[in-house]
Amino acid sequence: MNMKKLLIIGSSGLVGSKFASSILSNRKVAPNEIELDITDEKIVNDFFEMEKDNFDAVVNFAGFTNVDVAEKERGDENGFCYRLNVDGPENLAKACKKYNKFLIQISTDFVFNGTSDYPGPYSERSLTPDKLTEKMGWYGWTKNRSEFVVRNSGCKYAIVRIAYPFYGENCDLKLDYAKSYLKLFDEGKLFPIFTDQILTPLLIDDLTPALEKIIEIKQTGIYHVVSSDTTTPFEFVSYLLEKARGVTNVVQKGSMEEFLKVEGRTPRSRLGGLKTEITQEKLGIKFKTWREMVDEFIKRSKV
Ligand SMILES: NC(=O)c1ccc[n+]([C@@H]2O[C@H](COP(=O)([O-])OP(=O)(O)OC[C@H]3O[C@@H](n4cnc5c(N)ncnc54)[C@H](OP(=O)(O)O)[C@@H]3O)[C@@H](O)[C@H]2O)c1
């Protein structure tokens, strides 16, 4: 069994809370944001100095994740979104280098534009844009830059990209990708769902074995942990409602291309998704298809 001790940051969030609750308490340090504000380099350094003997690896789930709110800070490198998504990982990466810790930085497929001139699904080796253009939202750009600062820090790292996480039972703050659609349906508020967006969702529980393996092999690189096949929101929601509510043909079709044309919309990845073959091979883990993930979600969550 892997007994590496972990510093888990962002353990109260949607994704981090699931991972943190699956790790035995004698294997983890899980400070809250007040104790360890990662945007403050001195606080990070002092914390590492004090706790350096209590962990081997750092898993950073902290992030500013609301894409529309992030957009209001577009261009502002002193704004909270940039500080949390870029300065935070940079401070952690510097400390990891200094104290010889392995850093796992959680990232997203939004580091790519997901536009028709360079569409997904992207592989672990696909190059990410190195300039901010109108094709990418500020959230995606800050996550893109977080990867850049981690890659260039000189520390040992794993960048783990995930997308559309669902089954976040421990997080009261926000609903996950599946539960938010079930809520809309139950309240009679389901809007037309995009048929022209490509994505690869993730059953959050499946992140834990992948992260455990990454921590064990400690191999620097980029990993994709999502479903092994792609879907569209329309397909996902139709299947989810069929399985969870026993209803068919209740979802209306919508177009993301049309949605994004409306002035003032935050640019976001439409032709996205992540390929996982390289990661599956490296980790020796077979990832589920998105349908298998939905089936598992329904079985476990009794929604
Ligand atoms: N949610 C998605 O759809 C999605 C998709 C792809 C990738 N991701 C990535 O997955 C990761 C986790 O996302 P999430 O949805 O779980 O995020 P979340 O629910 O918004 O949680 C964010 C976490 O960050 C912590 N935090 C905030 N400010 C901090 C600071 N200054 N220092 C230390 N910690 C701080 C929060 O702690 P408090 O609760 O104490 O504020 C919270 O635990 C992020 O890197 C995100 O980019 C998410």
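Start at 1 and go down the list; that is how both ligands and their atoms are numbered.
Cation-pi geometry between Arg145 and Phe148 is met: the NZ or CZ atom falls under 6.0 Å from the ring centre, inside 45° of the normal. Taking the centre and axis of the six-membered ring of Tyr223, the NZ or CZ atom of Lys282 falls inside the cone set by 45° and 6.0 Å.
Of the candidates Lys174, Gln105, Glu33, Lys18, Glu33 brings a heavy atom nearest to atom 28 (N) of ligand 1. Closest heavy-atom approach to atom 19 (O) of ligand 1 among the candidates Asp37, Val160, Leu14: Leu14. Between atom 22 (C) of ligand 1 and the options Pro89, Gly63, Gly10, the minimum heavy-atom separation is to Gly63. Across the listed options Ser12, Ser180, Ser11, Ser12 owns the non-hydrogen atom lying nearest to atom 43 (O) of ligand 1. Here atom 24 (O) of ligand 1 lies nearest to Ala62 when heavy atoms of Ser146, Ala62, Pro31, Gly16 are compared.
Residue contact check: Leu84 has heavy atoms under 4.0 Å from atoms 27 (C), 28 (N), 29 (C), 30 (C), 31 (N) of ligand 1. Per-residue contacts place Ser107 under 4.0 angstrom from the following atoms of ligand 1 (heavy atoms of the residue considered): 7 (C). Per-residue contacts place Pro165 under 4.0 angstrom from the following atoms of ligand 1 (heavy atoms of the residue considered): 1 (N), 2 (C), 3 (O), 4 (C), 5 (C). Applying the 4.0 Å criterion to heavy atoms of Thr108 picks out, from ligand 1, the atoms 6 (C), 7 (C). Atom numbering of ligand 1 starts at 1 in the shown order; those under 4.0 Å from a heavy atom of Leu36 are 32 (N), 33 (C). Every atom of ligand 1 is numbered from 1 in the order shown, and the set under 4.0 Å from a heavy atom of Lys143 is 44 (C), 45 (O), 46 (C), 47 (O).
At least one N/O-N/O distance between Val15 and ligand 1 falls below 3.5 Å. The distance criterion of under 3.5 Å between nitrogen or oxygen atoms is not met by Thr39 with respect to ligand 1. Close N/O approach between Asn60 and ligand 1 is not found [any backbone or side-chain N/O within under 3.5 Å]. Taking distance alone, with nitrogen or oxygen atoms compared against 3.5 Å, Thr65 approaches ligand 1 more closely than that limit. For ligand 1, the polar-atom distance check against Gly13 finds a nitrogen or oxygen pair separated by under 3.5 Å.
For Phe166, no heavy-atom contact with ligand 1 is shorter than 4.0 Å.
Within 6.0 Å of CD in Glu35 there are more than 12 heavy atoms belonging to other residues, nucleotides or ligands.
Residue contacts with ligand 1: Tyr177 is excluded, as none of its non-hydrogen atoms falls under 4.0 Å. Residue contacts with ligand 1: Asn32 is excluded, as none of its non-hydrogen atoms falls under 4.0 Å.
Using a cut-off of 4.0 Å between Lys/Arg side-chain N and Asp/Glu carboxylate O, Asp117 and Lys135 are scored as salt-bridged. Comment: Arg291 does not engage Asp295 in a salt bridge, judged by the lack of any side-chain N to carboxylate O separation of less than 4.0 angstrom. Taking a cutoff of 4.0 Å between a charged side-chain nitrogen and a carboxylate oxygen, Glu296 and Lys288 do not qualify as a salt bridge.
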Exercise for the section: Starting from the C-alpha separation in whole Å, work towards a yes-or-no answer on ring pair (Phe, Tyr, Trp, His ring centres under 6.0 Å) for Tyr181 and Phe185. Expected result: CA-CA 6 Å; Tyr181 283 121; Phe185 175 77; over 10 Å; no
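Residues in residues 256-267 take part in these side-chain hydrogen bond (donor to acceptor under 3.5 Å, both in side chains) pairs, two or more places apart or across chains: Asp68-Thr266, Glu258-Lys261. For residues 152-164, every residue pair satisfying the side-chain hydrogen bond (donor to acceptor under 3.5 Å, both in side chains) rule, not counting sequence neighbours, is listed here: Glu147-Arg161, Arg161-His224, Tyr164-Gln197.
Side-chain atoms of Lys101 come within 3.5 Å of backbone N or O of Lys52 as a donor-acceptor pair.
Follow the hydrophobic side-chain contacts under 4.5 Å out from Ile278 and you never reach Val111; the two are in separate clusters.
Within the 4.5 Å cutoff, the side chain of Leu283 has heavy atoms near those of the Ile217 side chain.
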